[in-house]
Amino acid sequence: MNNNSVTLYIFKYSALDEKNRQVNDFFIAESLEECRLFLDMIGYKNANVIPLKQGEGVPNLNKKLDMTSIGVEFGNLANYIRYGSSTLESIIRIGKECKSSNKSIYFRLAYFIYKGDSLTNAMKKLGNVIPADIINEISIGEVNNNLSRRLTNIVRKYAKVKKKGFLSKLFKKKEPKEEITLDQVATDNLKGVGSQQATSTKDAIALFPFKYRAIMENGKKTKGFFNAESMEDCKRFLEAQGYTKIVVEPRKQYDIEIILDKKVKVTDLAFDLTQLSTYIKAGIPLVEGVTILAKQARSAASKNAYEKLVYDLLKGYNLSTAMEKQGKAFPKLLISMIKSAEMTGDLPTILDDMSDYYEDIIQTRKAMQSAMTYPVIVLILAIGVLVFMLLELVPQFVTLYETNGASLPGITLAVIEASNFMRKYYVYIILGMIIFIITFFLCYKKIMPFRKTVQLVVMKLPGFGKIVIYNEVYNFTKTFSSLINHGVFITDSMEILSQITNNEIYKEIIAHTMSNLAKGESISNSFKGVWAFPTVAYHMLVTGENTGQLGLMMEKVSQHYQQLHKSLVDQMKSLIEPAMILVVAAIVGVILLSIVTPMFDIYSQIQ
């Protein structure tokens with residue numbers, strides 16, 4: 001056979017592979033000696049190579065690439081190249097691992113690369129065996145030195161087909177032959193996974209769930225779950241993270257991962273973003289910086305999220321896309337800001353700004369929690385004292401009154417009736433309270449009109465309502481200023497703000513703003529005369545629009561209302577403390593008065 005002016009001959013051979021299994025196949029080479037040398041290079045032993053005799057059946061060298069397997073094969077090829085293997089080493093390894101009819105194609109590619117061709121030219125020398133669009137992607141990858149990324153693009157093209165084939169294996173359904181499946185080892189081991197599916201995102205490679213056990217760098221044992229393209233891919237990733245003695249197996253249906261909240265906490269983000277910024281400024285690559293965050297993560301949710309980030313970054317995704325792939329693990333605001341940073345190339349500055357932003361949010365939240373802690377504790381103690389007196393103390397005095405025939409005033413009779421009612425129906429009272437709290441919580445969470453009504457009532461309360469309004473204004477203007485100052489479009493900013501706030505009144509205002517913007521109106525028109533947006537904030541918004549300094553003005557507003565919020569919380573705290581003491585004193589006083597008053601009647605009878 002002649003290929004690009006080089007005469008190639010067909011040989012048949014018999015050899016032992018690396019696992020001492022007998023291999024009988026055909027191969028093409030320029031000479032018998034070159035064929036033997038190539039087989040020796042790929043690890044075959046005791047090779048017996050002879051020319052193909054006249055009249056013997058000629059193998060079909062024009063058989064096209066089996067597209068039902070390239071999802072796994074090209075995916076592994078991309079990983080091998082990404083982790084530092086040469087193209088030749090990677091192609092040979094794929095050929096050895098291959099369980100499909102593509103094995104001979106990969107070995108022929110390896111031979112041409114061994115002879116000095118690029119992967120693109122090697123594919124072209126095979127004729128029409130490999131589709132032109134794949135060759136084109138490979139060519140672009142070799143020219144731009146991003147071959148692994150281009151191989152990943154090819155795999156993405158077949159990701160949906162791969163996912164269908166995987167489900168077919170699990171549920172034993174017949175599918176057309178063109179659907180692709182996992183490699184045979186993974187398929188055999190994944191039996192019994194049941195209804196578990198591969199996780200995938202739009203325009204992404206399908207990932208499959210695995211369970212692992214390993215030894216960390218500090219010598220401690222660890223175990224967990226991870227989603228990867230294959231078991232081998234999962235193991236390589238864990239090795240790259242410094243884990244040793246790794247055992248990876250498919251995750252079974254009954255394997256449960258207990259992570260109550262998969263979101264990365266704001267308190268963790270405030271510290272981690274500062275660290276990541278410092279690492280980048282010091283010249284540490286982004287992937288290594290995130291790897292350090294994963295190793296020192298204090299919570300399971302953070303560790304899980306950062307490990308997934310590292311995995312996707314190694315796969316060629318940028319930071320914002322890797323975060324976005326994890327759903328709600330990272331705040332929408334942070335993802336949008338990082339997207340902006342990726343366009344401007346100033347990631348450390350954005351990370352520092354977002355760290356300051358979350359730190360301010362944390363301080364404001366702590367101020368609210370501190371103001372509410374004391375009243376809640378006092379209220380619980382007051383209820384506890386009241387229940388104890390009604391259930392234990394009052395019944396003892398009732399016996400005393402009945403024995404001595406004391407006449408009981410109205411206040412005492414009322415307290416005794418309350419005591420009798422509570423003793424008789426305490427189980428129903430407790431159940432009723434639990435049902436009420438659960439119902440209220442579910443209604444607040446699931447029913448928007450109910451949630452809006454509750455928020456409206458709270459925001460209209462004297463004193464406390466202003467605390468809520470000032471907090472909402474601060475959060476709105478602080479976030480808005482951060483988005484505007486970093487180049488995020490106003491319409492995109494409004495969409496992000498609507499997703500961040502949990503206040504239905506502010507969601508309505510933002511929705512109205514987006515509608516006005518679509519009509520070409522100004523932002524300030526939506527806030528004019530709105531009771532939930534203070535007049536001072538409105539005029540600052542108008543000034544920012546008129547002067548072209550909207551971001552700066554919103555930042556000033558956020559600082560102003562942060563201080564107002566803090567002052568009002570401190571005032572409310574100083575007022576609530578004595579008020580709660582008076583409430584407790586009044587409750588105890590009424591019960592004691594109801595107990596003591598009949599005692600005077602008993603005393604007069606004794607006299």
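Only heavy atoms go into these numbers, but all of them, side chains included; no hydrogens, no water, no symmetry mates.
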Decide side chain to side chain contact (heavy atoms under 4.5 Å, CB included) for V248 and F226; before the verdict, give the C-alpha distance in whole Å, the side-chain angles of both, and the deciding distance to 0.1 Å.
-> CA-CA 10 Å; V248 180; F226 198 78; over 6 Å; no

Criterion side chain to side chain contact (heavy atoms under 4.5 Å, CB included) on F271 and E359, from CA distance to verdict = CA-CA 8 Å; F271 180 71; E359 192 62 46; over 6 Å; no

Just do the side chain to side chain contact (heavy atoms under 4.5 Å, CB included) check on F330 and E324 with the steps written out, would you?
-> CA-CA 8 Å; F330 293 95; E324 205 166 15; over 6 Å; no

When you look at V590 and S594, which way does the side chain to side chain contact (heavy atoms under 4.5 Å, CB included) test go after all the steps?
-> CA-CA 6 Å; V590 168; S594 68; 5.6 Å; no

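Counting only residues at least two apart or in different chains, side chain to side chain donor-acceptor pair (under 3.5 Å) contacts with residues 419-445 comprise Y444-Q455.
Within the 4.5 Å cutoff, side-chain heavy atoms of Q275 are placed close to those of Q296. For the pair I500 and F476, the minimum side-chain heavy-atom distance is 4.5 Å or more. In this structure, L541 and I523 have side chains that are in contact, with non-hydrogen atoms separated by less than 4.5 Å. Contact annotation: the side chain of I338 approaches that of L347 to within less than 4.5 Å [non-hydrogen atoms, C-beta and beyond]. With a 4.5 Å cut-off on side-chain heavy atoms, K223 and K211 do not count as touching. Put simply, the side chain of T222 does not reach to within 4.5 Å of the side chain of I215, judged on heavy atoms. Using a 4.5 Å heavy-atom threshold, the side chains of L582 and P578 count as separate. Side-chain contact between Q549 and T543: absent, with no pair of heavy atoms (C-beta onward) separated by less than 4.5 Å.
Residues Y212 and F225 place their aromatic rings such that the two centres sit no closer than 6.0 Å. The distance between the ring centers of F527 and F533 falls below 6.0 angstrom. Here the two rings, on F237 and Y311, have centers that are under 6.0 Å apart.
Taking 4.0 Å as the cut-off between side-chain N and carboxylate O, K566 and D570 count as a salt-bridged pair. In this structure, E495 does not pair ionically with K332, as no charged nitrogen and carboxylate oxygen lie closer than 4.0 Å. Ionic pairing of K281 and D352 is present here: one or more N-O contacts between side-chain nitrogen and carboxylate oxygen are shorter than 4.0 angstrom. Salt-bridge formation is not detected for the pair E555/K478: no Lys NZ or Arg NE/NH1/NH2 atom is positioned less than 4.0 Å from an Asp or Glu carboxylate oxygen.
Other residues, nucleotides and ligands contribute more than 12 heavy atoms inside 6.0 Å of the NZ atom of K295. Counting heavy-atom neighbours within 6.0 Å of K507 NZ, excluding the residue itself, gives a total above 12.
In this structure a side-chain-to-backbone donor-acceptor pair under 3.5 Å is present from N546 to V542. When atom types are taken as modelled, the side chain of D268 and the backbone of V264 share no donor-acceptor pair closer than 3.5 angstrom. With hydrogens and angles disregarded, a donor-acceptor distance shorter than 3.5 Å links the side chain of S574 to the backbone of Q571. Formation of a donor-acceptor pair under 3.5 Å by the T412 side chain with backbone atoms of L408 is not found in this model. No side-chain donor-acceptor contact under 3.5 Å links S302 to the backbone of R298. In this structure, T479 contributes its side chain and N475 its backbone to a donor-acceptor pair below 3.5 Å. Proximity of a side-chain donor or acceptor of S355 to a complementary backbone N or O of A270 within less than 3.5 Å is detected.
Side-chain N/O atoms of N318 and T321 include a donor and acceptor closer than 3.5 Å. Defined by atom type and a distance below 3.5 Å, a donor-acceptor pair is present between the side-chain atoms of D272 and Y306. Between the side chains of S277 and T274, not a single donor N or O lies within less than 3.5 Å of an accepting N or O. In summary, the side chains of Q562 and Q363 do not present any donor paired with an acceptor at a separation below 3.5 Å, with no hydrogens or angles considered.
Relative to the six-membered ring of Y538, K528 misses at least one condition, a distance below 6.0 Å or an angle of at most 45° to the axis.
Note that CD1 of I484 is 9.5 Å distant from CG of D492, once rounded to the nearest 0.5 Å. Between the CZ atom of R451 and the CG atom of N502 there is a distance of 8.0 Å, given to the nearest 0.5 Å. Of the inter-residue distances, the one linking F397 atom CZ with L393 atom CG reads 5.5 Å to the nearest 0.5 angstrom. Rounding to the nearest 0.5 Å places OG of S526 at 10.5 Å from CD1 of I510. Once rounded to the nearest 0.5 Å, the distance linking CG of L333 with CD1 of I496 reads 6.5 Å. Rounding to the nearest 0.5 angstrom, the gap separating the CD atom in E545 from the CG atom in L550 is 6.0 Å.
Taking every heavy atom of both residues into account, A532 and V473 meet most closely at O-CG2, 4.1 Å. Counting all heavy atoms, side chain and backbone alike, L276 lies closest to V290 at CD1-N, 3.9 Å. Between I335 and S320, the closest heavy-atom pair is CG2-O, 3.8 Å. The heavy-atom pair separating M337 from I350 by the smallest distance is O-CG2, 3.6 Å. Here the closest non-hydrogen pair linking M514 and T491 is CE-O, 4.4 Å. Scanning both residues, T477 and M554, for their nearest heavy atoms gives CB-O, 3.5 Å.
The ring-ring contact (aromatic ring centres under 6.0 Å, His included) check on F450 picks up F440, with sequence neighbours excluded. The ring-ring contact (aromatic ring centres under 6.0 Å, His included) check on Y470 picks up Y561, with sequence neighbours excluded.
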